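In what follows, a structure is listed as structure tokens, so that the remarks can point back to it.
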Amino acid sequence: MKISESFRAIFIRDVLLPLVTVLLITLTAACFAVYWASDRTNHDEALQQQKIIQTTLTQNLEEMLKQQRSLTRWQPLEDHLAQPTPDAGWLDDNVGTWLSGMFEHQLIYLLAADGAPRFLWDHGRRVDSAQFSRVNVPVGKLLREMQSASPVSSARRDRVSFALIDNRPAMLAVGEVSGDDSRRGKLIMASVKFIDQGWLNAMAQRNMLTGLRFNQTGEIERDWLGYLLTNVEGSPIGQLEWLADRPGSRMMQVIAPLVAGVVLVITLICVFMIRRLWISSLNLSNSLLQLGASEAQAQHLAFHDVLTGLPNRALVDERLNHAIGRLNRQPGRVALLLLDLDRFKIINDTYGHHAGDELIVEVAHRLSALIRESDTVGRLGGDEFVILQNDVQTPQDPIALATRVLEALNQPFVLLGIETWIGVSIGIALAPDDATERMEMMRKADIALYEAKSQGRGQYRFFERVMDESVKTRQQVGADLRVALQNKRDLAVHYQPLMDIHGQQVLGLEALMRWHHPVHGAISPTEFIPIAEEMGLISSLGEWVLEEACRVARRWPNLTIAVNVSPLQFRASGFVERYTTIVQSAQVSPAHIELEITEGVLMEDEKAAQSIISQLRQVGFRIALDDFGTGYSSLNYLSSFPVDKIKIDRSFTQSLGITENSSAIVESVVKLGHAMGLTVTAEGVENNAQMSALADAGCNQLQGYLFSQAVPESEIAALIEQRKAD
Ligand code: C2E
Ligand code: CA
Ligand code: CA
């Protein structure tokens, strides 16, 4: 499958990128949310744990103060101490042993108001006052703090705080010994409870903390949490630290694989979807492409000739309109060349349609090779082509093109392995000179083409105003001829005699049509017969001439009456029947009528011509081959067409004595005709020299102005009489 670059680019831009972006955003957001939730949980848990530590420590400090108060606010102790010499044993029992045994205060000191040590216990045992130096500094600080408190405050009477003693963390409590709240005590009690590892372990166990320990350095390891212990002045003495409990991280450990799995599944689904989307878009785009292609194909078919692929009439019309329209906007010229192949029909009939098609295709190739990109070669149908030449500067341009076309098509064509020749006739019209509208342009090129063909083919002709006029005249003449035929007015048949070889005896008459046009006067049959053929009048005209001839034949039963038959008439269906009927109903023997046909009759379809000729001869008509020698292969035809007479064309007669071997040619034609048992007549005999040359050559009959022009029926009798008299 071929993928267009633009399709890939559009897919990536419009589908893939947005999808991947949305996917990435979603996944990033999901990951971030999970991470954030876990971090947040960790953070909250850390705060919680710190709070627990703080609360626990505060409680412990308060408890310690309360424990100490059980003695400092105990009146009997104050009373006992008020004695000049207090009983040391009593004090051991009620102070040292009590606090140490009951509440695990490790160091207990009783001090004078000025801070001087009086009684000291360590783990319940009385010790020397020298020991006091261990706590001298922190106790001093705490006392100063206490005594500086405002007089009304109860805080003035005792205080508790953390302190570093012997480089160990401890809780230190001091308080005045006074049973009565309203009085200041004279002695001070200080007690110490060490925060040792055992104590920490118990606390950790109660509060579900891991690895709780004291660290004096203040540095904290990763994943550990700390709680700063400060002394009474607020200075840090070290910190408690424990391994952080991270429920968020635990949750993360559980969720992460799950999220990864979901992400993987979503990604896979997306990849799958994108793939599906890609394939279906590709199919869609392909089928759209195919649709476009078949649309283009249909479009092409609508505007192109199937056989050659050239633009057809519709497209040529469109381009011609376009080209003419462009002339309004920018000055210039457009040339339209109409082409008609000269011998196409013969080739088509001789070699078959297949060869004909091959020829048309080859012509299309040759023409296409001759034009510029901006020009158009089209096929209008059959053997008609057209060239639309744009940007014509001078008439020289279409002349050059037409010349090239003539040259190209004059080269031989090889059909079925046989070299053949055709030719082409070209009619040229120019816009805006000749026309500024398509139909008019076509019409004028067509007139020019007609002119090129009627003037001998194989050439080009530019449209000229006179041609248009001649066409108009022709049409007018045709219409007039129709009227004349309907009314049998202005039309006549004249008769020219056929003489024996000595020019003495009238052997027959040739019926020749005459038309006296009411405006144009006498019009020659060489002019009006082709018009009658074009306008479909020739059969009626011919039949009328035959009817006239039959009347004459009846009057002169010894004479053969020759009647000319046009090839078109000859090929029209029912021709034989109609002629037979006319002759029979005129009660004339067909043997008295000589039908003059030309080689043109024989050329088109040999078989059909052959059969019509035999039918005519079977009826009894005589057949003469008129204008013999003007065609190409007259002698060949003679062997395959059974005729009774040949009439040597007047151009031969008139070349006698002028062209060198003309008499030799005439002689050999006569010999050949005689060998085939035919009568040989020579036309156009105008002088005696021609007559004697023809006699020498062995001709049988003569016809020409030397004897008589064609005369009206009324003068025939006189003509015959005059000849007899001569
Ligand atoms: P065509 O059949 O060859 O007729 C002979 C033509 O030669 C006639 O011309 C005749 O007047 C002319 N002609 C006769 N003798 C001489 C001569 O010595 N010198 C010269 N220069 N010409 C001579 P026309 O009558 O003008 O007829 C011309 C052609 O028109 C005929 O040629 C024939 O092909 C056609 N035509 C005439 N009448 C009919 C008709 O009734 N039916 C048909 N189909 N064609 C006709
Ligand atoms: Ca004739
Ligand atoms: Ca003739």
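Counting starts at 1 for both ligands and their atoms, following the listed order. Worth saying up front: this structure is predicted, and the values here are computed from it rather than measured.
- Those atoms of ligand 1 with a heavy atom of Gln496 less than 4.0 angstrom away are 14 (C), 15 (N).
- Distance from atom 42 (N) of ligand 1 to its nearest protein heavy atom, with residue and atom name: Asn564 O, 3.5 Å.
- The closest side-chain donor-acceptor pair between Thr560 and Glu594, if any, does not fall under 3.5 angstrom.
- Residue contacts with ligand 1: Arg514 is included, with a non-hydrogen atom under 4.0 Å away.
- The nearest protein heavy atom to atom 13 (N) of ligand 1 is closer than 4.0 Å.
- The closest donor-acceptor contact from the side chain of Arg554 to the backbone of Ala586 lies under 3.5 Å.
- At a 4.0 Å heavy-atom cut-off, ligand 1 touches Val685 through the backbone alone.
- For Glu437 (side chain) and Met439 (main-chain N/O), a donor-acceptor pair under 3.5 Å exists by modelled atom type.
- Here the CG atom belonging to Leu485 is positioned 10.0 Å from the CH2 atom belonging to Trp515, to the nearest 0.5 angstrom.
- Listed for the Gln496 side chain is no donor-acceptor partner under 3.5 Å among the backbone atoms of Gln703.
- The nearest N, O or S atom of Asp626 is closer to the Ca ion (ligand 3) than 3.0 Å.
- Asp397 places no side-chain N or O within 3.5 Å of a backbone atom of Val392 that could act as its donor or acceptor partner.
- For ligand 1, the atoms closer than 4.0 angstrom to any heavy atom of Gln654 are 19 (N), 21 (N).
- Heavy atoms of Lys647 found under 4.0 angstrom from ligand 1: none, in either backbone or side chain.
- The backbone N or O of Thr598 lies less than 3.5 Å from no partner atom in the side chain of Asp627, so there is not a single donor-acceptor pair.
- Scanning the protein for heavy atoms near atom 7 (O) of ligand 1, the closest one is Arg650 NH1, 3.0 Å.
- In this comparison of Val545, Leu512, Asn687, the heavy atom closest to atom 8 (C) of ligand 1 sits on Leu512.
- Residue contacts with ligand 1, taken as heavy atom pairs separated by less than 4.0 Å, involve Glu683 solely via side-chain atoms from C-beta onward.
- Nearest N, O or S atom of Glu683 to the Ca ion (ligand 3): atom OE2.
- Of all protein heavy atoms, the one closest to atom 36 (N) of ligand 1 is Pro525 CB, 4.0 Å.
- Between atom CD of residue Glu464 and atom CD of residue Glu451 there is a gap of 7.5 Å, rounded to the nearest 0.5 Å.
- Here the side chain of Asn688 pairs no donor or acceptor atom with the backbone of Met691 at under 3.5 angstrom.
- Here Asp649 fails the criterion, with no N, O or S atom under 3.0 Å of the Ca ion (ligand 3).
- Residue, atom and distance of the protein heavy atom nearest to atom 29 (C) of ligand 1 are Thr526 CG2, 4.1 Å.
- At the Ca ion (ligand 2), the vertex angle linking OE1 of Glu596 with OE2 of Glu510 is 90° (nearest 10 degrees).
- In terms of protein heavy atoms, atom 18 (O) of ligand 1 is closest to Tyr705 N, 2.8 Å.
- Protein heavy atom at the shortest distance from atom 21 (N) of ligand 1 is Glu686 OE2, 3.1 Å.
- Within the listing of ligand 1, atoms 15 (N), 18 (O) sit less than 4.0 angstrom from a heavy atom of Gly704.
- Under the 6.0 Å distance and 45° angle rule, Arg474 does not count as a cation-pi partner of Tyr450.
- Counted by atom type alone, Ser611 and Gln615 present one or more donor-acceptor pairs between their side chains at under 3.5 Å.
- Distances from atom 27 (O) of ligand 1 to the protein include at least one heavy-atom value under 4.0 Å.
- For the pair His592 (side chain) and Ile561 (backbone), a donor-acceptor distance under 3.5 Å is absent.
- Within the 3.5 Å criterion, the main-chain N or O of Val424 finds a donor-acceptor partner in the side chain of Asp342.
- At a cut-off of 3.0 Å, Asp627 is not counted among the residues with an N, O or S atom near the Ca ion (ligand 2).
- For ligand 1, the atoms closer than 4.0 angstrom to any heavy atom of Asp627 are 3 (O).
- The line from CZ of Arg617 to CD1 of Ile613 is 9.0 Å long, rounded to the nearest 0.5 Å.
- Remark: distances from the non-hydrogen atoms of Gly542 to ligand 1 are all 4.0 Å or more.
- Looking at Glu510 against ligand 1, only its side chain comes within 4.0 Å, counting heavy atoms.
- Side-chain atoms of Tyr495 and Glu548 include no donor-acceptor pair closer than 3.5 Å.
- Checked by distance only, ligand 1 and Met513 come closer than 3.5 Å through their nitrogen or oxygen atoms.
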